[in-house]
Amino acid sequence: MVGKTFGLLVLTALAQASGNCPAIWSTIASDLSQSFIGSNGCTDLARGAIRFAFHDSGSYSSKTPAYAPATGGADGSLLLSTVEISRDENAGLQQYHAFLRGKYNQYKSKVGAADLVQFAASVAIVSCPGGPKVQTVVGRKDTSTPAPDNLLPKAFGPGSAQQVLIQLFEDKGISQPELAALIGAHTASKATAQEANGIPYDGPQDSTPGQWDVAYYSQTDTHPKGVYSFESDINLSNPNSTVGQVFQSFVNSQSKWNAAFAPAMAHLSVLGIPQSDQANFIDCTSAVPSGSNARLVRAAPINDRIR
Ligand code: HEM
Ligand SMILES: *[C@@H]1O[C@H](CO)[C@@H](O)[C@H](O)[C@H]1NC(C)=O
Ligand SMILES: CC(=O)N[C@H]1CO[C@H](CO)[C@@H](O)[C@@H]1O
């Protein structure tokens with residue numbers, strides 16, 4: 001009896017949460033989709049949106065001494081701080097930054113910067129055919145204070161070693177299986193600032209950067225002509241580790257990958273935010289358009305967000 005009552009209460013709470021999503025988010029979803037969907041699948045602005053959301057939230061580390069107000073994490077600082085966007089680690093994101101500043105100026109009386117950054121990534125992911133719907137919440141606090149520097153991963157050189165990357169993500173609270181799933185976002189990636197590392201401008205990390213497919217997982221090891229893998233991706237794919245074993249398990253397994261990616265991305269989108277603040281978030285997943293395979297892969301269950 002107690003369990004049944006509890007279940008009903010939870011269902012009521014969920015229904016209210018999704019019902020409360022302000023209508024402006026549906027308007028924003030339609031607006032962004034115009035720029036994120038192109039004739040070859042998702043566009044350069046869509047890839048920028050996905051990486052930008054990672055670089056805003058991924059600046060969080062449990063090892064950073066907490067100094068107010070900048071703790072890194074999903075706080076909108078990459079959109080609001082001119083210092084942060086100018087760093088080397090954010091090379092390649094300036095064009096999308098300018099685009100999103102324009103959207104932010106248009107909508108800022110109704111939405112926050114940190115929420116806009118993460119919401120845009122969810123819209124971008126479903127703009128790539130095959131992309132899953134990621135559970136998408138709003139209610140984050142913004143800051144224009146730059147995040148701590150040097151907490152984002154390196155694609156080349158000593159920082160791209162497997163153990164370094166595993167530790168870097170572990171410090172953010174991201175497990176090896178989550179990292180294996182998240183790195184698959186490079187299915188939609190083209191490098192624009194890696195000439196110094198031997199990758200030509202616009203060199204993609206799989207043969208189909210407009211599609212949300214698992215070609216990336218096999219091609220990181222097979223390197224077909226015209227595909228330019230990062231050293232970090234090659235090192236992570238090494239099956240001598242948990243991250244590498246899970247990486248290899250996604251080869252030729254789209255549904256398995258999407259099912260793992262969606263909850264990992266939802267987790268990434270709230271990095272650095274105290275549980276007490278997350279409890280007040282509003283679920284706006286319903287405002288994210290359905291992806292082309294929405295019937296195959298459902299949004300992550302709500303409880304996956306909180307760990
Ligand atoms: C080991 C971890 C990672 C490393 C070393 C890494 C590194 C890079 C580098 C060097 C680029 C090319 C940037 C440029 O030259 O324009 C890139 C692009 C990209 N990354 Fe990552 N990344 C990592 C993880 C992630 C994660 C977790 C996500 C999202 C969940 C992500 C999403 C993307 C996307 C979508 C692009 C394409 C951006 C564009 O074309 O504008 N990456 N990444
Ligand atoms: C896997 O192999 C690479 C390359 O030899 C090495 O750097 C890494 O530490 C190895 N990982 C484990 C868990 O042994
Ligand atoms: C530590 C380690 O394994 N580093 C390797 C990462 O990947 C590049 C490219 O395959 C290698 O050159 C490094 O030795």
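Whatever order the structure lists them in is the order used to number ligands and atoms, beginning at 1. Being a predicted model, the structure only gives us computed values, none of them experimental.
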Residues [X] and [Y]: side-chain donor-acceptor under 3.5 angstrom:
| X | Y | value |
| --- | --- | --- |
| Glu84 | Asn90 | no |
| Ser241 | Gln162 | yes |
| Thr143 | Asp75 | no |
| His186 | Asp233 | yes |

* Asked: Is the shortest N/O to N/O distance between Thr192 and ligand 1 below 3.5 Å?
  -> yes

* Close N or O approach (Ala193, ligand 1; < 3.5 Å) -> yes

* To do: Give the atoms of ligand 1, by number and element, whose distance to some non-hydrogen atom of Lys154 is under 4.0 Å.
  => 5 (C)

* Structure fact -> Excluding water, the protein N, O or S atoms sitting under 2.8 Å from atom 21 (Fe) of ligand 1 are His186 NE2

* Asked: Is the closest side-chain heavy-atom distance between Ser229 and Gln205 below 4.5 Å?
  -> no

* For atom 4 (C) of ligand 2, what's the nearest protein heavy atom and its distance? -> Asn238 ND2, 3.9 Å

* Structure fact -> Closest to atom 35 (C) of ligand 1 among protein heavy atoms sits Arg47 O, 3.4 Å

* Kindly compute the distance separating NZ (Lys110) from CH2 (Trp25), expressed to the nearest 0.5 Å. => 12.0 Å

* Using a 4.0 angstrom limit on heavy atoms, which residues are close to ligand 3? -> Ala161, Glu231, Ile234, Asn235

* To do: Pick whichever of Met265, Lys190, Gln194 has a heavy atom sitting closest to atom 10 (C) of ligand 1.
  => Gln194

* What is the ring orientation for Trp212 with Trp257, classed by angle as parallel under 30°, tilted 30 to 60°, or perpendicular over 60°? -> parallel

* Ring centres under 6.0 angstrom apart (Phe99, Phe52) -> no

* **atom 14 (O) of ligand 2 protein-contacted, heavy-atom criterion under 4.0 angstrom** => yes

* Counting only non-hydrogen atoms of the protein, does one fall under 4.0 Å from atom 7 (O) of ligand 2? -> no

* To do: Dump the intermediate steps for ring pair (Phe, Tyr, Trp, His ring centres under 6.0 Å) on Phe119 and Tyr107, then the final yes or no.
  => CA-CA 13 Å; Phe119 185 85; Tyr107 297 116; over 10 Å; no

* Under a 4.0 Å heavy-atom limit, does Ser232 contact ligand 1 with its side chain, its backbone, both, or neither? -> side chain

* **Sidechain N-carboxylate O distance under 4.0 Å for Asp44, Lys190** => yes

* **Asn240, portion touching ligand 2 at heavy-atom distance under 4.0 Å** => both

